[in-house]
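Here's the structure we're looking at; comments come further down.
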Amino acid sequence: MKVRADQLPAQLKKSIAPIYIISGDEVLLCQEAADSIRKAAQQHNIDERLRFVADAQFDWQDVINENQSLSLFSMRRMFDIQIDKMGEKHSKALAQLGQSLSEDNIILLTLPKIDARTQKAKWFTQLESQGVFVQIWPIDANRLPAWVQQRAQALDLSLTRDAASMICERGEGNLLALSQELEKLALVHGQGVQIDAEKVAESVADSSRYSIYDLSDRLLMGKTKDAMHCLHQLLGEGVESSIILWLFNREIQTLSNLLQSMQSSSFKQACQSEKIWDKRVPFYESAMSRHNKVTLPYMQNYLALIDKSIKGLEGPDSETGFRNLVMMFCGYKPVVTELDIPA
């Protein structure tokens with residue numbers, strides 16, 4: 001059964017399915033959907049949670065064996081499995097897992113964004129037929145101000161349309177950052193207050209903190225020293241590594257998409273297809289002058305190593321990794337990284 005993210009709470013109130021599949025590239029919405037499923041599982045007395053992060057070296061037999069064994073501590077367990085990049089190995093394992101689902105265990109499967117072809121694959125349709133598929137769609141730029149206003153209402157804030165638009169303009173689609181901005185406004189102004197554009201502008205002007213958007217600007221323009229200083233400030237202020245990782249991933253992926261689109265269209269047309277705001281086009285034009293089909297995949301592979309490190313697996317220290325990425329983004333490849341060392 002396929003449901004939208006906003007339909008998930010109603011489904012969870014009715015019953016708990018043996019498997020939930022979450023797929024999409026909106027980090028915040030995927031996290032919140034997963035959190036709501038975990039909370040519902042606890043309400044159904046599923047207290048034991050087994051966490052797995054499936055990378056290329058992951059041994060699926062551990063999951064399959066655990067799923068077939070009885071728990072020593074509880075009657076029912078949740079298998080919380082995250083896959084960042086799909087591959088044939090994962091597909092085959094999921095097909096096998098789908099043949100042994102039971103009411104004793106709940107599977108929470110978080111996947112990257114999957115295309116229509118994958119959704120028609122036998123292994124996927126088998127899993128979907130036994131549970132719930134939550135497909136997370138990006139929020140269109142035209143609907144983003146309304147989303148921000150609804151989000152503000154949940155914090156007992158009232159945002160004017162102009163205030164919501166101003167927040168969206170700074171956030172440029174980063175839902176994690178937009179959510180944090182709203183939480184900051186709630187702390188500063190208190191509950192039950194109407195926030196207009198002037199209050200938002202004052203909040204921005206009064207804040208001495210660097211924002212994730214500042215780092216984006218400096219990276220795209222190749223301002224190495226300024227980008228390093230901004231990264232240092234963000235890390236010092238306790239900004240979560242996952243948010244910084246998201247920013248690097250978003251910008252590198254956007255540049256990769258632009259490079260691919262430019263094989264059959266102009267740079268301007270490529271920017272339009274990526275829905276890049278007009279005032280941001282010069283930033284991406286600057287970045288594209290430094291990168292190509294060699295540098296971008298290298299950064300993507302290095303980003304994957306940092307992602308492993310953040311998740312507690314082997315990989316470079318995240319702070320060192322982010323600094324290396326700043327250098328790479330600004331056009332200065334380190335002499336050697338973990339990618340260049342033979343396994």
Side-chain angles (χ1 to χ4, degrees), residues 25-32 35 51 53 55 82 84 167 170-188 203-255 280 283-284 286-287 290-291 295-296 298-341:
D25 51 14
E26 288 289 0
V27 177
L28 178 65
L29 300 184
C30 288
Q31 286 180 350
E32 291 183 341
D35 286 342
R51 179 85 169 101
V53 179
D55 58 13
Q82 178 178 333
D84 292 329
I167 292 174
R170 283 188 59 79
E172 296 180 4
N174 182 344
L175 301 189
L176 280 168
L178 291 176
S179 181
Q180 286 191 333
E181 185 67 24
L182 291 175
E183 290 172 359
K184 184 176 72 174
L185 287 169
L187 288 172
V188 172
S203 174
V204 173
D206 291 342
S207 176
S208 60
R209 297 174 60 186
Y210 276 92
S211 73
I212 200 79
Y213 326 114
D214 295 318
L215 178 57
S216 173
D217 291 349
R218 287 155 175 76
L219 287 171
L220 292 171
M221 294 303 291
K223 296 181 178 180
T224 312
K225 185 176 180 180
D226 290 342
M228 284 290 191
H229 182 63
C230 186
L231 174 65
H232 177 74
Q233 292 294 109
L234 290 170
L235 292 171
E237 291 162 3
V239 175
E240 291 184 13
S241 295
S242 60
I243 295 179
I244 298 176
L245 186 79
W246 177 91
L247 173 75
F248 277 108
N249 184 63
R250 183 189 73 167
E251 301 301 7
I252 294 171
Q253 186 60 54
T254 298
L255 293 177
R280 302 285 293 164
F283 289 82
Y284 288 96
S286 174
R290 300 188 303 276
H291 292 291
T295 61
L296 292 173
Y298 190 93
M299 285 197 294
Q300 286 177 320
N301 290 335
Y302 192 72
L303 196 69
L305 290 182
I306 300 176
D307 186 31
K308 289 182 181 179
S309 175
I310 291 174
K311 292 170 180 172
L313 304 175
E314 289 187 4
D317 172 75
S318 59
E319 290 191 24
T320 302
F322 286 143
R323 293 189 183 97
N324 282 339
L325 274 174
V326 168
M327 295 293 291
M328 295 180 206
F329 216 107
C330 294
Y332 302 96
K333 180 185 179 299
V335 176
V336 66
T337 74
E338 288 80 357
L339 291 176
D340 304 311
I341 300 174

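As a basis for the values below, the full set of heavy atoms in this structure was taken, side chains included, without hydrogen atoms, waters or symmetry mates.
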**Fill in**
Between Leu255 and Tyr284, the two heavy atoms sitting closest are CD2-CD2, 3.8 Å
**Asked** side-chain hydrogen bond (donor to acceptor under 3.5 Å, both in side chains) with Glu183: which residues, sequence neighbours excluded?
**Response** none
**Item:** Result of checking Leu247, Val239, Leu245 against Ile243 for side-chain contact (heavy atoms from CB on, under 4.5 Å)
**Value:** Val239
**Message:** Test your reading of the model: is there a side-chain donor-acceptor pair from Arg250 to the backbone of Trp246, 3.5 Å cut-off?
**Reply:** no
**Heavy-atom closest pair, residues Met299 and Leu325** = O-CD2, 4.1 Å
**Asked** Do you know the tightest heavy-atom contact between Phe329 and Glu251?
**Response** CZ-CB, 3.6 Å
**Partner set under side chain to side chain contact (heavy atoms under 4.5 Å, CB included) for Ser241, not counting sequence neighbours** = Ile310, Ser318, Phe322
**Asked** Can you name the residues that form a salt bridge (charged side-chain N to carboxylate O under 4.0 Å, His left out) with Lys311, not counting sequence neighbours?
**Response** Asp84, Asp307
**Asked** Measuring from Ile244:CD1 to Cys230:SG, what's the distance to the nearest 0.5 Å?
**Response** 9.0 Å
**Request:** Quick one: list whatever passes salt bridge (charged side-chain N to carboxylate O under 4.0 Å, His left out) with Glu240, sequence neighbours left out.
**Result:** none
**Message:** Pair Leu187, Lys184 - check side chain to side chain contact (heavy atoms under 4.5 Å, CB included), show working.
**Reply:** CA-CA 5 Å; Leu187 288 172; Lys184 184 176 72 174; 5.6 Å; no
**Complete:** Value for CG (Leu219) from CG (Asp214), rounded to nearest 0.5 Å, stands at 11.0 Å
**Message:** For a side chain to side chain contact (heavy atoms under 4.5 Å, CB included) check, start with the C-alpha distance between Met228 and Met327, then their side-chain angles and the critical distance, and finish with the verdict.
**Reply:** CA-CA 9 Å; Met228 284 290 191; Met327 295 293 291; 3.6 Å; yes
**Request:** Search all heavy atoms of Leu185 against all heavy atoms of Ile167 and return the closest pair with its distance.
**Result:** CD1-CD1, 3.7 Å
**OG on Ser179 to CD on Gln31, rounded to 0.5 Å** = 10.0 Å
**Request:** Return yes if a side-chain donor-acceptor contact under 3.5 Å exists between Arg280 and Thr254, otherwise no.
**Result:** no
**Fill in**
d(Leu234 CG, His229 NE2) to nearest 0.5 Å is 10.0 Å
**Message:** Test of understanding: with salt bridge (charged side-chain N to carboxylate O under 4.0 Å, His left out), list the residues that count as partners of Arg290, not counting sequence neighbours.
**Reply:** none
**Item:** Contacts of Asp317 that satisfy salt bridge (charged side-chain N to carboxylate O under 4.0 Å, His left out) - sequence neighbours left out
**Value:** none
**Heavy-atom pair of closest approach, residues Ala227 and Leu215** = O-CD1, 3.6 Å
**Complete:** d(Glu26 CD, Leu175 CG) to nearest 0.5 Å is 4.0 Å
